[in-house]
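Atoms considered below: every heavy atom in the structure, side chains included; atoms not considered: hydrogens, waters and symmetry mates. Within every chain, numbering begins at 1; the chains are lettered A, B, ... in the order of the sequence lines, protein sequences first and strands thereafter.
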Number of protein chains: 2
Amino acid sequence: MVTIKTIAKLANVSNTTVSRALNNSPRITPETKTKILKIANELGYEPNLNARSLVTNKSYTVGLFFSNITSGTSRSFLTEAINAFYKYLSHSYTLSINAINDLPNFESINHRFDGICIISQSTDDDAFINYVTSQRIPVVVLNRRVSMTNVPNVYFDEYLAARQIAEYGVKLGHKRFGLIQGICNFASSVNRQRGYIETLKRYDINLGKSLIFPGDYTMQSGYRAMKQILLMQEPPTFVFASNDDMAMGAYKACAELNVHIPDDISIVGFDDSDFSEYLTPALTTVQKPITDMGKIGIQWLSQLMSKEALPEIVCAVPPELMIRNSVKKINY
Amino acid sequence: MVTIKTIAKLANVSNTTVSRALNNSPRITPETKTKILKIANELGYEPNLNARSLVTNKSYTVGLFFSNITSGTSRSFLTEAINAFYKYLSHSYTLSINAINDLPNFESINHRFDGICIISQSTDDDAFINYVTSQRIPVVVLNRRVSMTNVPNVYFDEYLAARQIAEYGVKLGHKRFGLIQGICNFASSVNRQRGYIETLKRYDINLGKSLIFPGDYTMQSGYRAMKQILLMQEPPTFVFASNDDMAMGAYKACAELNVHIPDDISIVGFDDSDFSEYLTPALTTVQKPITDMGKIGIQWLSQLMSKEALPEIVCAVPPELMIRNSVKKINY
DNA sequence: TCCTATGATGTAAACGTTAACACAGATGAT
DNA sequence: ATCATCTGTGTTAACGTTTACATCATAGGA
């Protein structure tokens with residue numbers, strides 16, 4: 001194994017000088033430096049990160065924490081977040097993927113991460129968020145608005161997005177609205193629901209319990225819910241499925257019962273998943289800019305890790321309604 | 001920071017004894033052990049992995065390497081692989097996600113991983129695979145069949161899968177076949193293509209160049225290719241899209257041109273993505289058991305990391321044709 | 001009683017790196 | 001010419017663990 005000492009011996013200098021050459025310190029002459037670098041190169045020297053970590057007390061690893069990995073988190077969400085992170089994170093860091101749910105105990109994160117990004121889906125994660133901040137590990141929380149005021153937080157305004165959906169439906173003349181819910185204890189789900197219902201109420205439309213159908217963000221649950229909806233005596237003309245996956249399930253239910261979208265019923269989804277444009281009809285949905293969130297998140301985290309102060313600590317990324325062909329205008 | 005020394009002082013024993021208590025060595029009395037463990041617990045002691053790594057020369061990290069992360073790898077593929085790995089990997093290991101493409105140099109993996117799993121998509125990865133084996137890092141290669149004979153390899157028989165697709169089409173009486181290709185330098189793509197074409201040839205069906213359409217595994221490329229196909233004077237009755245994403249694109253093209261699946265044209269995909277069942281009509285496709293591969297892979301890797309020998313070194317996971325409703329039987 | 005074997009614990013070195021401090025020679029100001 | 005400053009390099013300790021080896025007490029056999 002070639003170490004700093006090997007190089008030092010060959011170059012006839014001390015360990016420190018080698019270390020300086022490798023970490024391009026200013027306290028070294030260019031000649032010595034190139035000489036050492038040359039030897040290091042020839043020997044294929046690669047620093048032992050563990051040794052370095054031990055003394056610098058850095059792990060050169062950043063942790064990406066999801067609430068859950070093996071279930072509950074949609075695939076597109078997971079990949080898009082990982083993609084964004086991988087893309088924008090400096091390659092000198094190792095990216096480690098974790099699930100809060102699977103942590104044997106919070107302490108197990110100690111010494112492991114220079115920075116942590118939490119993609120949080122529910123308030124269940126609050127204990128973990130608090131632990132991380134208590135350990136003074138640089139952290140940013142993505143996705144949902146958190147209640148702690150001192151935690152860097154870039155979130156997506158689900159409420160506003162849902163409001164846009166409701167308003168869009170109202171504008172197009174719909175009177176009877178339906179909702180397929182997401183997973184109950186996910187913040188995304190409750191905020192989408194609140195935004196939708198409260199906005200409709202403003203337009204004097206009451207979304208009764210009979211028009212709210214349970215779902216769990218899976219295609220199958222969307223399919224089931226839509227089947228129920230279509231069996232109603234007077235089904236809604238506008239259905240908001242809390243995510244695109246469920247909207248896709250709803251599409252299938254419609255197809256099976258020979259109900260035409262958007263002529264017979266209008267559907268809107270949420271997320272703007274890659275497939276939503278390719279459904280027939282193309283799904284009207286709202287874009288959740290996960291990549292943007294990831295980009296800002298990793299930028300903030302990098303700043304925190306290099307002990308820079310953040311100009312702002314909370315940031316909302318705006319929703320964008322993607323109007324396609326799954327909603328029709330109602331004429332009276 | 002609470003270290004072994006802190007505990008040692010409080011327990012009135014030496015560092016070594018504490019270390020022994022923590023690593024449940026037999027050379028310690030149960031009483032001392034419980035006493036030390038109690039103190040450690042109260043202090044919320046967590047070992048410094050870097051220090052441990054330095055002396056044991058283990059990183060407690062396994063690396064999951066994709067050929068590419070930010071492009072070229074389909075989302076479902078990426079997530080399913082990560083999911084499987086995360087699920088089956090012992091939690092004492094950190095899971096780190098990497099892309100071979102983005103590696104500054106091969107040496108940068110040194111000291112970082114106790115084991116490496118490569119999800120390889122093309123022979124471009126061979127240099128990396130060779131490097132890893134040359135470093136004697138435990139490694140398994142997943143997904144494609146590799147040429148090196150000494151590398152643990154669990155792969156999916158794309159050729160066989162494509163053969164099943166072709167035979168299925170022939171059996172249902174189709175005579176005119178078409179193909180939408182995947183990414184050219186991906187092993188999956190060339191094997192699917194070979195399996196399809198060579199099988200058809202056995203049934204005296206020649207797949208001319210005019211019936212092969214380029215694609216890149218994206219929905220859009222499937223859409224484009226299908227548009228071209230449907231514009232032909234005498235389009236094929238059976239089209240194999242090299243993955244489900246492209247099949248979905250093809251669906252859209254058909255819808256736009258008012259071509260009915262499967263009445264006017266039959267389509268089969270590949271991967272059995274989660275959405276394929278929810279398309280209308282449900283997509284006939286072939287299941288690629290990524291989760292199974294991951295499970296075997298992680299099992300092998302675990303054995304290798306604990307220096308156990310592998311009973312077998314290469315394993316093919318079988319394809320399963322998922323017959324749904326996108327192919328019709330041709331009657332003459 | 002003495003010796004040996006055994007079992008529990010301690011001592012100290014080692015892992016590979018960084019960094020505080022020391023040192024010597026050169027440079028520049030007076 | 002003298003002294004202070006600077007610059008390049010070396011010395012050494014430190015990071016928190018594990019582990020080979022040493023030590024010491026105790027038990028058991030003769």
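- Spacing between atom CG of A:Leu22 and atom P of C:dT18 amounts to 7 Å, rounded to whole angstrom units.
- Using bins of under 30°, 30° to 60° and over 60° for the plane-to-plane angle, the ring pair B:Phe113/B:Phe65 lands in the perpendicular bin.
- Checked against C:dT18, C:dT9, C:dG16, the side chain of A:Asn15 finds its nearest nucleotide in C:dT18.
- Distance A:Asn48 CG to C:dT17 C1': 8 Å, rounded to the nearest Å.
- Contact annotation: B:Thr32 reaches the phosphate of C:dT9 (side-chain N/O to OP1 or OP2, under 4.0 Å).
- The CD1-P distance, from A:Ile4 to C:dG16, rounds to 11 Å in whole Å.
- Within 4.0 Å of B:Thr29, counting heavy atoms only, lie sugar-phosphate atoms of the nucleic acid but no base atom.
- Distance CG (B:Asn110) to C1' (C:dT17): 16 Å, rounded to an integer number of Å.
- Two residues, A:Thr3 and B:Pro26, neighbour DNA chain C, and the one matched to the more 5' nucleotide by heavy-atom proximity is B:Pro26.
- Note: A:Tyr217 and A:Phe186 have tilted aromatic rings, judged against thresholds of 30 and 60 degrees for the angle between ring planes.
- Toward the 5′ end of DNA chain D lies the nearest nucleotide of A:Thr16, the other residue of the pair A:Thr16 and B:Val2 mapping further downstream.
- Within 4.0 Å (heavy atoms only), B:Thr17 reaches sugar-phosphate atoms of the nucleic acid but no base atom.
- The distance from the CG atom of A:Leu22 to the CG atom of A:Leu37 is 6.0 Å, given to the nearest 0.5 Å.
- For B:Arg20 and C:dG10, a side-chain-to-base donor-acceptor distance below 3.5 Å is present, hydrogens and geometry of angles not being considered.
- In this structure, OH of A:Tyr60 is placed 7 Å from P of C:dT18, rounded to the nearest angstrom.
- Centroid-to-centroid, the aromatic rings of B:Phe66 and A:Tyr86 stay 6.0 Å apart or farther.
- Looking at heavy-atom distances under 4.0 Å, B:Arg52 makes contact with sugar-phosphate atoms alone, never a base.
- Among the heavy atoms of the strands lying under 4.0 Å from B:Asn23 are primed sugar atoms or P, OP1, OP2 only; no base atom is included.
- Look at B:Glu31 and B:Lys35 and you find no salt bridge, because none of the NZ, NE, NH1 or NH2 atoms lies under 4.0 Å from a carboxylate O.
- One finds the CZ atom of B:Arg20 at 11.0 Å from the CD1 atom of B:Ile4 (value rounded to the nearest 0.5 Å).
- When DNA chain D is scanned in the 5' to 3' direction for atoms under 4.0 Å from non-hydrogen atoms of chain A, the outermost contacting nucleotides are D:dG8 to D:dG16.
- Regarding A:Asn57, its CG atom lies at a distance of 14 Å from the P atom of C:dT18, rounded to whole Å.
- Partner A:Leu64 forms a side-chain contact (heavy atoms from CB on, under 4.5 Å) with one of A:Ile82, A:Ile118, A:Leu78 and no other, that one being A:Ile82.
- Not a single donor-acceptor pair, N or O on each side, falls under 3.5 Å between the base of C:dA19 and the side chain of A:Ser19.
- Ion pairing of A:Arg144 with A:Glu158 is absent here, as no side-chain N (NZ or NE/NH1/NH2) approaches a carboxylate O to less than 4.0 Å.
- Computed from coordinates, the A:Glu46 CD to C:dT17 P distance equals 10 Å when rounded to whole Å.
- One can place CG of B:Asn50 at 12 Å from C1' of C:dG16, the figure rounded to the nearest angstrom.
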